[in-house]
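Here the structure is laid out as structure tokens; the discussion comes afterwards.
Side-chain atoms are counted along with the backbone in the values below, which use heavy atoms only and exclude waters and symmetry mates. Positions are given from 1, in the same order as the sequence printed here. It should be emphasised that the depicted structure is a prediction, and the values quoted were computed from it without experimental measurement.
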Amino acid sequence: MSDIETLKKELPPFQIFDLIPQYAAAGAIDPEKIDLLKWAGVYPQRPIEDGFLMMRVKVPTAELSAGALRVVAGIAEDYGRGLLDVTDRQAFQFHWLRIQDIPAILDRLDTVGLHTRGACGDTVRAVIASPLAGLDARERIDVRPLALAMEGSLSGNTDFEDLPRKFKISLTATPELEGIHLINDIGFLAHEVEGEIGFDVWVGGGLGAVAHLSKRLGVFIRPDEVVEVGRAIAGAYRDHGYRLNRKKARLKYLIKDLGVEKFREIVETEYLGRKLRDGPSAPVARFGGSDVLGINPQHDGLNYVVLSTTVGRINPEKARALAQLAERYGKGVVRTSAFQNMMIPHVKTEDVDALVAELEALDLAPRATLRGTTIACTGTQFCRLAHTETKARVAGMIDTLEPLHSDLDVPFVINLTGCSNACTRYQVADLGFMGALRGEEEVYNVHLAGSIGQAQRTGAKLKGIVPAVRLTEYTDKVLSDFKAHKSEGESFVEYADRRGNEHFLPDTVLAEPVVAEQKELVGA
């Protein structure tokens with residue numbers, strides 16, 4: 001049994017909240033219990049000897065008030081050196097925190113209904129609710145009440161505080177627009193079958209060093225069964241999941257060994273006490289959600305405006321400005337997305353142009369291409385596991401490439417992570433870059449043409465590497481080749497299948513002559 005499994009048996013993980021005030025008063029954390037801080041959304045940041053912490057804050061239903069956003073901005077300003085990130089699980093992340101400040105931060109969050117309980121650790125993490133919930137005209141049912149019930153019943157619940165590993169859940173009622181379920185432990189997708197609204201259920205998704213996309217449980221369940229089924233699946237994982245080897249403890253490994261049919265039988269017989277109704281698959285999203293950008297119509301005649309943050313990084317000034325814009329042009333709420341972006345809903349059509357102009361002045365343009373579909377993890381700036389720098393490098397690359405490729409007629413997804421742990425899902429991007437070291441040199445492995453959209457597959461790992469100093473050059477050449485030779489409306493996945501993997505090998509692409517307009521990209 002691993003050290004963390006032993007520790008979880010000695011101290012129920014959520015009891016760490018009782019110890020945080022003691023640690024804060026002493027100005028030091030018990031090193032034997034430091035891993036349990038994850039259950040409070042808190043990690044040591046790099047370098048660990050400096051004693052600084054990072055914190056994740058859950059955003060239930062992906063929506064928060066303008067007032068809550070101002071509180072988040074104030075915390076980043078007062079305790080986090082003005083740094084604020086939007087994560088690809090719809091959360092906020094702070095850095096540069098001290099243990100002495102954690103109780104005050106938790107109190108501030110509590111005043112606006114935000115918390116960190118279960119944001120990390122071997123438990124049910126933040127429940128991802130579609131950011132389109134209650135808005136998009138194509139939606140079957142508003143999943144926000146279900147997400148709140150799921151949050152209250154599973155995430156932060158002591159019944160599920162000691163799972164074999166982390167556990168992630170997502171809900172959407174627009175499955176033709178979103179594919180995030182493919183990489184979650186449970187994904188609920190609302191769709192209509194013979195006039196009835198119900199949910200298709202997928203299980204066992206997860207990336208990490210070894211990626212598995214989720215599989216259909218093969219059922220069609222009523223909305224009033226969603227929370228019960230979620231609890232049953234989480235319970236089956238808690239009781240049957242593997243605990244000896246943490247590298248093989250996610251639900252995906254149990255599903256792989258048992259098969260989805262046997263796992264369904266366990267859920268039905270041991271946890272539900274009844275068989276679930278069989279059902280067909282929900283519709284498939286061609287681009288997995290990466291095409292939901294810019295201005296979109298709501299079912300009530302208003303609009304929701306998705307703005308691009310640039311790899312999730314904003315600052316307190318921009319956050320406060322967003323809060324003000326949400327009040328001026330919307331109904332005083334903002335939402336977060338699983339693509340490190342944000343949204344202002346409930347905007348009148350006559351106000352859209354004015355809002356867009358103000359967002360563009362903040363460098364949060366809603367009319368984006370690559371900027372809206374590129375995500376990057378924390379990297380070596382703060383993460384102890386990362387091998388490469390990420391945020392600043394990718395932001396610089398996007399600043400260069402966005403104006404050159406704003407004429408793309410289909411979404412193009414770039415996901416970059418600083419190590420193999422896939423915090424920003426490099427295996428399911430058009431271009432997925434995984435950071436590594438070649439001696440002292442930072443380099444990237446390339447995973448080609450993965451997709452949580454229609455293709456529903458992980459990308460092919462290409463031979464060779466891209467030196468970090470040539471990352472922009474490589475990406476630009478791939479994009480330029482794609483635009484020059486693609487058919488109208490052809491996705492990159494379709495194009496890559498047509499051309500073959502060899503066409504995109506780093507050594508092949510980087511050996512091509514540098515044309516005049518690309519010379520400035522070399523070494524970018």
Side-chain angles (χ1 to χ4, degrees), residues 1-60 72 75-76 78-81 83-85 87 89 91-110 114-127 151 154-168 208 243 246 249-250 377-386 419 421 423:
M1 186 175 291
S2 65
D3 290 343
I4 189 66
E5 284 295 319
T6 301
L7 181 58
K8 289 188 292 183
K9 302 304 180 287
E10 293 175 354
L11 182 72
F14 284 131
Q15 289 186 19
I16 194 66
F17 281 96
D18 298 329
L19 298 178
I20 285 175
Q22 300 176 31
Y23 298 157
I29 304 165
D30 182 347
E32 295 185 358
K33 294 184 174 61
I34 194 169
D35 280 341
L36 292 184
L37 283 174
K38 295 175 184 177
W39 275 254
V42 177
Y43 286 84
Q45 76 176 34
R46 181 181 191 153
I48 190 170
E49 57 270 17
D50 286 357
F52 289 104
L53 304 169
M54 50 195 281
M55 173 189 278
R56 290 182 193 153
V57 179
K58 296 161 76 173
V59 183
V72 168
I75 291 170
D78 294 343
Y79 302 106
R81 299 189 184 180
L83 200 65
L84 181 62
D85 287 337
T87 79
R89 288 197 63 78
F92 288 109
Q93 187 161 290
F94 302 119
H95 295 279
W96 298 111
L97 309 182
R98 291 285 193 184
I99 188 61
Q100 296 93 316
D101 302 322
I102 300 301
I105 293 171
L106 294 176
D107 286 346
R108 284 203 199 183
L109 292 171
D110 187 59
L114 299 178
H115 67 93
T116 66
R117 186 180 176 90
C120 306
D122 300 342
T123 186
V124 179
R125 301 285 184 91
V127 176
E151 170 78 17
L154 282 92
S155 183
N157 189 327
T158 54
D159 289 346
F160 304 104
E161 68 180 328
D162 180 11
L163 299 180
R165 284 287 272 115
K166 58 189 174 184
F167 195 80
K168 301 176 179 181
R243 293 181 181 267
R246 286 182 64 78
R250 291 288 301 275
C377 73
T378 299
T380 52
Q381 184 180 14
F382 299 116
C383 180
R384 294 171 294 160
L385 302 177
C419 72
N421 285 306
C423 292

Return the [atom1] to [atom2] distance between [X] and [Y], rounded to the nearest 0.5 Å.
| X | Y | atom1 | atom2 | result |
| --- | --- | --- | --- | --- |
| Leu53 | Ile48 | CG | CD1 | 9.0 Å |
| His115 | Leu109 | NE2 | CG | 10.0 Å |
| Ile102 | Ile20 | CD1 | CD1 | 7.0 Å |

Heavy atoms, side chains only, cut-off 4.5 Å: are [X] and [Y] in contact?
| X | Y | value |
| --- | --- | --- |
| Arg246 | Asp122 | yes |
| Arg46 | Cys383 | no |
| Ile16 | Tyr23 | yes |
| Arg98 | Tyr79 | no |
| Asp162 | Glu5 | yes |
| Phe92 | Ile75 | no |
| Leu106 | Phe17 | yes |
| Leu11 | Leu19 | yes |

Exercise: identify the closest heavy-atom pair between [X] and [Y]:
| X | Y | answer |
| --- | --- | --- |
| Lys8 | Arg243 | NZ-NH1, 3.8 Å |
| Lys38 | Cys120 | O-CB, 3.0 Å |
| Val59 | Leu114 | CA-CD2, 4.4 Å |
| Ala28 | Ile99 | N-CG2, 4.0 Å |
| Ile34 | Pro44 | CD1-CG, 3.6 Å |
| Arg56 | Ala119 | O-CB, 3.6 Å |

Query raised in the report: In a check of side chain to side chain contact (heavy atoms under 4.5 Å, CB included) between Met55 and each of Asp101, Leu37, Thr116, which one passes?
Result: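 Of all the options given, the one that passes is Thr116.
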
**Report entry** Residues Leu83, Phe94; criterion side-chain contact (heavy atoms from CB on, under 4.5 Å); working and verdict
**Finding:** CA-CA 7 Å; Leu83 200 65; Phe94 302 119; over 6 Å; no

Query - Residue pair Val127, Leu154: steps toward the side-chain contact (heavy atoms from CB on, under 4.5 Å) verdict - result: CA-CA 9 Å; Val127 176; Leu154 282 92; 5.8 Å; no

Is there a donor-acceptor pair under 3.5 Å between the side chain of [X] and the backbone N or O of [Y]?
| X | Y | value |
| --- | --- | --- |
| Asn157 | Asp159 | yes |
| Arg89 | Arg125 | no |
| Arg117 | Gly156 | yes |
| Ser155 | Val124 | yes |
| Glu151 | Pro60 | no |

**Report entry** Over-ring placement of Arg81 relative to Phe52, 6.0 Å and 45° cut-offs
**Finding:** yes

Query raised in the report: Partners of Arg250 by salt bridge (charged side-chain N to carboxylate O under 4.0 Å, His left out), sequence neighbours excluded?
Result: Asp185

Report task. For residues 25-34, pull every pair meeting salt bridge (Lys or Arg N to Asp or Glu O under 4.0 Å), keeping only residues two or more places apart or in separate chains. Result -> Asp30-Lys33

**Report entry** Partner residues of Phe382 under the ring pair (Phe, Tyr, Trp, His ring centres under 6.0 Å) criterion, sequence neighbours left out
**Finding:**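 Ring pair (Phe, Tyr, Trp, His ring centres under 6.0 Å) list for Phe382, sorted by chain: His95, Trp96.
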
Query raised in the report: Among side-chain atoms of Gln93 and Thr378, is any donor-acceptor pair under 3.5 angstrom?
Result: yes

